[in-house]
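Residue numbers run from 1 in the order of the sequence given. Values below: all heavy atoms of this structure, side chains included; hydrogens, waters and symmetry mates excluded. Quick caveat: nothing in here was measured; it's all calculated off a predicted structure.
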Amino acid sequence: LPDLSWLEAYRTASPNFGLERMERLLELRGNPHLRLPVIHIAGTNGKGSTIAHLRQLLEVRALRVGTFTSPYLVSYNEQIAINGNAISDQDLQRLLSLYQDLLAQHAMQGVTEFEIVTTLAYDYFVQQQVDVAIIEVGMGGLLDSTNVCQPLLTAITTVGLDHVALLGDSLEAIAEQKAGIIKLGVPIVTGRLEPEALAVVEQKAAEKDAPLFSWSQDYQVEHQESEEGECFSFSNAYRAKDSYQTALMGLHQADNAGLAIQLCDLYCQSKQLPLLTKEQVGAALLATSWPGRMEQISHQPRILLDGAHN
């Protein structure tokens, strides 16, 4: 198993916001984050599920899709995966040793474990020549360690009152932090946001000249009654209204799946790839799994596992 013990010295109760340490670490590794096609995803809830759906959709195009997600459920390695396969113990150990040596040679004040792991993920994805990396924001957005990338697309899933001590105590303040991932001219897709949060995102998108695709305005998701998983209708500029079903349970999963379809369509369009057919989208959504989130592990009796982290 990889030796994680030395990382404990870098573990902090709350993030040490700011990007200067990340930029220094990445610079020491030849700036891998600038050679990586990234889809960057922020949001209070729904980030992981949106990423799980999006990965399945992109894999239909036979792409190598890296995912950086947190926290992990079972093994540390899960945070960094390609096409759903977690980084191997050998690769993780090799990179951890490299970073341990790097930090021994270059004293850096205030570096955190999350910053090290984020840098390591960017590094690994470039080494593995992924076609695209879906990167999940750790907390907030503007000052989050992941926010050094130059993404192809960005998304904000939801904005709610979480981590108020660090991000601010109103939806506007938290939206301001999350909107910090919006980059100059880079399309931003939003999930189901409260009007006051959406207003902040709209303003930031306008400032950055970033094309904005928002839930219900630029793509439509309507939940439909169903027994297994969640059924919903979806339409956007490329797709007529049609019914879909995701394997994930919970009303919110229709929104997460819809956001993922919109992101996939925009990605394919930007790369001149054919859009997925309705059948391909349907199969990918049904193949999606995201353990520990309303996960049904038994039918008789009905038993659900849910992390409900906030």
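We find the SG-CG distance between C264 and L259 to be 11.5 Å, quoted to the nearest 0.5 Å. Distance CG/L95 to CD1/I116: 12.5 Å, rounded to 0.5 Å. Taken to the nearest 0.5 Å, the SG atom of C149 stands 8.5 Å off from the NE2 atom of H33. The CD atom of E78 lies 10.0 Å from the OG1 atom of T67; values are rounded to the nearest 0.5 Å. Interatomic distance, CZ of F213 versus CD of Q262, reported as 6.5 Å (0.5 Å rounding). A distance of 10.5 Å separates CG in L248 from CE in M294, rounded to the nearest 0.5 Å.
S70 has its side chain within reach of F114: a pair of non-hydrogen atoms, C-beta onward, lies under 4.5 Å apart. Counting heavy atoms from C-beta outward, K271 and L63 have side chains that stay 4.5 Å or more apart. Side-chain contact between Q253 and F232: absent, with no pair of heavy atoms (C-beta onward) separated by less than 4.5 Å. The shortest distance between side-chain heavy atoms of L96 and L7 falls below 4.5 Å. A 4.5 Å side-chain heavy-atom check between L102 and R29 finds at least one atom pair inside the cut-off. Between V38 and F125, every side-chain heavy-atom pair lies at or beyond the 4.5 Å cut-off. For the pair Q217 and L198, the minimum side-chain heavy-atom distance is below 4.5 Å. Considering only heavy atoms from C-beta on, N147 comes within 4.5 Å of H40 through its side chain.
One hydrophobic cluster, built from ILVMFWY side chains closer than 4.5 Å, cannot hold both L304 and W290; they sit in different ones. A single hydrophobic cluster is not seen to contain both Y122 and I181; linkage of ILVMFWY side chains at heavy-atom distances under 4.5 Å, directly or through other members, places them apart. Two different hydrophobic clusters hold L153 and I182 under the rule that ILVMFWY side chains link at heavy-atom gaps under 4.5 Å. Cluster membership for L285 and L266, using ILVMFWY side-chain heavy atoms within less than 4.5 angstrom, is shared. Under a hydrophobic clustering in which Ile, Leu, Val, Met, Phe, Trp and Tyr are joined whenever their side-chain heavy atoms come within less than 4.5 Å, directly or via other members, F68 and I39 fall into different clusters.
Of the possible donor and acceptor atoms, none in the side chain of D89 sits under 3.5 Å from a partner among the backbone N and O of P2. With hydrogens and angles ignored, the 3.5 Å screen pairs no side-chain donor or acceptor of Q203 with any backbone N or O of V200. Between the D209 side chain and the G185 main chain, no donor and acceptor come within less than 3.5 Å of each other. Judged by distance alone, with hydrogens and angles left aside, the side-chain atoms of R35 form a donor-acceptor pair with the main-chain N or O of G30 at under 3.5 Å. At distances below 3.5 Å, not a single donor-acceptor pair connects side-chain atoms of S233 with backbone N or O atoms of K241. Although no hydrogens or angles enter the test, the distance criterion places a donor-acceptor pair under 3.5 Å between the side chain of Q93 and the main chain of D3. For the pair K178 (side chain) and E176 (backbone), a donor-acceptor distance under 3.5 Å is absent. The closest donor-acceptor contact from the side chain of E295 to the backbone of G292 lies under 3.5 Å.
Here the closest heavy-atom approach between residue L275 and residue Q280 is recorded as O-OE1, 4.4 Å. Counting all heavy atoms, side chain and backbone alike, A284 lies closest to Q56 at O-CB, 3.6 Å. Residues N83 and R55 approach most closely at C-NE, 3.6 Å, considering heavy atoms.
Of the N and O atoms on the side chains of T119 and E115, not one donor lies less than 3.5 Å from an acceptor on the other residue. Using modelled atom types, one finds a donor on one side chain and an acceptor on the other under 3.5 Å when comparing Y99 with D123. Judged by distance alone, the side chains of T246 and E230 never bring a donor and an acceptor atom under 3.5 Å apart.
The only option from V189, I134, T157 that meets the side-chain contact (heavy atoms from CB on, under 4.5 Å) definition with T50 turns out to be T157.
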I'd like to know whether V117 forms a side-chain contact (heavy atoms from CB on, under 4.5 Å) with I80, so could you lay out the CA-CA distance, the side-chain angles of the two residues, the decisive distance to 0.1 Å, and finally the verdict. CA-CA 9 Å; V117 177; I80 301 169; 4.2 Å; yes
Does the pair L276 and R61 meet the rule for a side-chain contact (heavy atoms from CB on, under 4.5 Å), with working shown? CA-CA 8 Å; L276 274 61; R61 285 277 158 262; 3.9 Å; yes
Tell me, with the steps shown, if R239 and V281 meet side-chain contact (heavy atoms from CB on, under 4.5 Å). CA-CA 11 Å; R239 297 179 186 277; V281 169; 3.7 Å; yes
Steps toward side-chain contact (heavy atoms from CB on, under 4.5 Å) verdict (D265, Y219): CA-CA 11 Å; D265 282 353; Y219 68 98; over 6 Å; no
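More than 12 heavy atoms of other residues, nucleotides or ligands shown are found within 6.0 angstrom of CD on Q224.
The existence of a salt bridge linking E20 and R24 is excluded, since no basic side-chain nitrogen approaches an acidic carboxylate oxygen closer than 4.0 Å.
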